[in-house]
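Residues take their numbers from the sequence shown, with the count starting at 1.
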Amino acid sequence: MRAIALGAGVLLASIAQVTVAPLFPVSGATPEFVLLMLVLVAAFSSPSPVMVLTPVAAIAVGFLSDRAPGLLLLAYLPLLPLGFAIEESAVPVNHYLRTLAMMVVTGAWVRVLLALGAMAGGADGAFGVLVRDVVVPGFILDAALLTVVYIPMRIAGWSGRGLTLQRSRYY
């Protein structure tokens with residue numbers, strides 16, 4: 001039942017990414033609802049569902065939009081290794097800061113990689129404009145979007161989980 005709910009959530013986030021997100025641009029950046037969904041599943045569940053949902057999300061957004069699913073998969077891929085590296089580092093950060101760092105850094109990677117894909121397809125290669133109009137507003141947009149969703153989840157009593165895989169048996 002939980003897998004069906006997570007799959008439906010990713011599909012709804014993919015639909016929202018294609019239909020609703022372009023309506024609310026901040027400079028050149030749009031909200032990344034799919035990335036937000038993947039970050040929240042990683043932060044409040046475990047890494048195992050994210051490993052399954054990342055390709056599903058990339059394929060769903062790729063088929064719903066004009067983007068290549070393989071490029072989207074490469075864009076969402078650093079999410080879990082980045083979160084694990086932050087968790088295992090010697091720097092003491094709380095759960096919100098780790099989740100925020102996962103969202104902001106992966107969001108910047110998504111925007112830069114998609115822009116490089118567009119540049120490879122013939123778009124103008126203005127890197128200064130990319131940083132000024134897409135990446136920096138994307139930092140702010142990702143941080144605000146995560147904060148608006150994260151705080152009510154914590155107030156509701158959901159506790160954050162770690163990103164280490166638990167040993168389990170196969171049945």
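Between V34 and Y76, the closest side-chain pair of non-hydrogen atoms falls below 4.5 Å. Proximity of T106 to V39: side-chain heavy atoms (C-beta onward) are nowhere separated by under 4.5 Å. T147 places a side-chain heavy atom less than 4.5 Å from the side chain of Y96. The side-chain heavy atoms of L146 and L40, taken from C-beta on, include a pair separated by under 4.5 Å. At least one side-chain heavy atom of L145 sits less than 4.5 Å from a side-chain heavy atom of F33.
In terms of heavy-atom proximity, A43 sits nearest to H95 at O-NE2, 3.1 Å. Across every non-hydrogen atom of M102 and A42, the tightest pair is CE-CB, 3.9 Å. Residue F63 comes nearest to P69 through the heavy atom pair CE2-CG, 4.2 Å, listed as atom of the first residue, atom of the second, then distance. Taking all atoms of both residues into account, the shortest heavy-atom contact from L6 to M37 is O-CE, 3.9 Å. Counting all heavy atoms, side chain and backbone alike, S14 lies closest to A60 at OG-CB, 3.5 Å. In plain terms, the two heavy atoms of M119 and L130 that are nearest each other are CE-CD2, 4.2 Å.
Rounded to the nearest 0.5 Å, atoms CG (L116) and CG (L74) are 11.5 Å apart. Expressed to the nearest 0.5 Å, how far OG1 of T54 lies from CG of L77 amounts to 7.5 Å. Taking CG of L35 as the reference point, atom CH2 of W109 lies at 13.5 Å (rounded to 0.5 Å).
Using a 4.5 Å cut-off between side-chain heavy atoms of Ile, Leu, Val, Met, Phe, Trp and Tyr, with links allowed through other members, V41 and I4 fall into different hydrophobic clusters. Cluster membership for V104 and I151, using ILVMFWY side-chain heavy atoms within less than 4.5 angstrom, is not shared. Residues L38 and I15 do not share a hydrophobic cluster, clusters being chains of Ile/Leu/Val/Met/Phe/Trp/Tyr side chains in contact below 4.5 Å. Taken together through direct or relayed side-chain contacts under 4.5 Å among Ile, Leu, Val, Met, Phe, Trp and Tyr, L36 and V52 form parts of separate hydrophobic clusters. In terms of hydrophobic clustering, with Ile, Leu, Val, Met, Phe, Trp and Tyr side chains grouped at heavy-atom distances under 4.5 Å, L82 and L97 are assigned to a common cluster.
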Using the rule given for salt bridge (Lys or Arg N to Asp or Glu O under 4.0 Å), can you reason through D133 versus R111, listing the C-alpha separation, both sets of side-chain angles and the distance that settles it, and then say yes or no? CA-CA 11 Å; D133 291 344; R111 288 176 178 89; over 6 Å; no
side-chain contact (heavy atoms from CB on, under 4.5 Å) between Q17 and T30: does it pass, once the steps are laid out?
-> CA-CA 9 Å; Q17 181 67 41; T30 57; 4.2 Å; yes
Intermediate values then yes/no, side-chain contact (heavy atoms from CB on, under 4.5 Å), V131 and F127: CA-CA 6 Å; V131 171; F127 290 104; 5.6 Å; no
For L72 and L114: C-alpha separation, side-chain torsions, deciding distance, then whether side-chain contact (heavy atoms from CB on, under 4.5 Å) applies. CA-CA 8 Å; L72 287 165; L114 292 178; 4.0 Å; yes
Step by step, work out the side-chain contact (heavy atoms from CB on, under 4.5 Å) result for I140 and V26.
-> CA-CA 9 Å; I140 298 165; V26 175; over 6 Å; no
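Relative orientation of the W158 and F44 rings is perpendicular, given thresholds of 30° and 60° on the angle between their planes.
The environment of CG in L23 is crowded: more than 12 heavy-atom neighbours from other residues, nucleotides or ligands sit within 6.0 Å.
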